[in-house]
Amino acid sequence: MIPTQGRMVRVLGVMSNGSDEQAAVITRAWSSRDTRDGAIAVNLTVLPDMGMPLLYSSVMLFDNRDLAMAWLGEQPHRRGAIVAFWPETQPVAAAPAVRAA
């Protein structure tokens, strides 16, 4: 996907209310490339559960959680690093047909 301002992503590495996975809003994308072609740096406003919004700059955004986790695992020297990824999309079931009376 191509990151654009206002889109929602998931963030790993911000602890709040017992979870280290939080929602975030993209406030700036540093590239218009698709994340399928590699990670892209984005600025985020993280919305921790039951916490005040947090601002982060140049967070790496990955196409999926597995890629984000792999990158995070390769960063032992970056204590407190956070990483973002697109949430999984769930297929939407078709609405049942309405019969005319």
Side-chain angles (χ1 to χ4, degrees):
M1 286 192 235
I2 298 173
T4 53
Q5 189 176 28
R7 297 203 49 200
M8 297 295 296
V9 294
R10 304 293 295 166
V11 170
L12 289 172
V14 176
M15 282 299 293
S16 182
N17 208 14
S19 176
D20 73 341
E21 187 173 317
Q22 309 298 328
V25 178
I26 296 173
T27 57
R28 180 176 182 154
W30 293 100
S31 172
S32 59
R33 286 186 306 106
D34 194 312
T35 54
R36 287 179 290 188
D37 298 328
I40 296 171
V42 293
N43 291 357
L44 299 172
T45 299
V46 178
L47 307 168
D49 182 31
M50 300 302 296
M52 296 294 293
L54 304 169
L55 308 177
Y56 287 92
S57 177
S58 302
V59 175
M60 299 308 293
L61 172 63
F62 290 85
D63 203 45
N64 60 55
R65 190 179 204 284
D66 292 338
L67 292 172
M69 289 289 292
W71 182 86
L72 199 56
E74 295 168 0
Q75 309 300 315
H77 61 284
R78 293 187 61 191
R79 200 176 167 114
I82 69 166
V83 64
F85 60 96
W86 295 109
E88 291 184 30
T89 56
Q90 302 296 324
V92 177
V98 178
R99 300 183 121 191

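Here, residue 1 is the first one in the sequence, and each next residue gets the next number.
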Student: Can any side-chain N or O of Arg33 pair as donor or acceptor with the backbone N or O of Ala39 at less than 3.5 Å?
Tutor: yes
Student: So how far is it from Thr35 OG1 to Phe85 CZ, rounded to the nearest 0.5 Å?
Tutor: 12.0 Å
Student: Test of understanding: clusters of I, L, V, M, F, W, Y form through side-chain heavy atoms closer than 4.5 Å, transitively. Do Leu47 and Val59 belong to the same one?
Tutor: no
Student: Scan for side-chain hydrogen bond (donor to acceptor under 3.5 Å, both in side chains) pairs involving residues 1-12, sequence neighbours excluded, and state none if there are none.
Tutor: Arg10-Glu21
Student: Are the side chain of Asn64 and the backbone N or O of Leu67 linked by a donor-acceptor pair below 3.5 Å?
Tutor: yes
Student: Do any N or O atoms from the side chain of Asp20 and from the backbone of Met15 form a donor-acceptor pair under 3.5 angstrom?
Tutor: no
Student: Please report the interatomic distance CZ(Arg65) to CG(Leu72), rounded to the nearest 0.5 Å.
Tutor: 10.0 Å
Student: Would you name the heavy atoms of Gly51 and Ser16 that are closest together and state the gap between them?
Tutor: N-OG, 4.5 Å
Student: Working to the nearest 0.5 angstrom, can you tell me the gap between Trp71 CH2 and Leu61 CG?
Tutor: 11.5 Å
Student: Any sub-3.5 Å donor-acceptor pair from Ser57's side-chain atoms to Asn43's backbone N or O?
Tutor: no
Student: How about Met8: does its CE atom have over 12 heavy atoms from other parts shown lying under 6.0 Å from it?
Tutor: yes
Student: Keeping the roles fixed (side chain from Gln22, backbone from Val46), state whether a donor-acceptor pair exists under 3.5 Å.
Tutor: no
Student: Got a donor-acceptor contact below 3.5 angstrom from the Thr45 side chain to the Val25 backbone?
Tutor: no
Student: For Ile2 and Ser32, work out which heavy atoms get closest and say how close.
Tutor: CG2-O, 3.4 Å
Student: Would you give the length of the straight line joining atom OG of Ser58 to atom CG of Leu44, rounded to the nearest 0.5 angstrom?
Tutor: 9.5 Å
Student: With side chains defined as the heavy atoms from C-beta onward, is the minimum distance between Pro3 and Trp30 less than 4.5 Å?
Tutor: no
Student: Do Val14 and Tyr56 make a side-chain contact, defined as non-hydrogen atoms from C-beta onward lying under 4.5 Å apart?
Tutor: yes
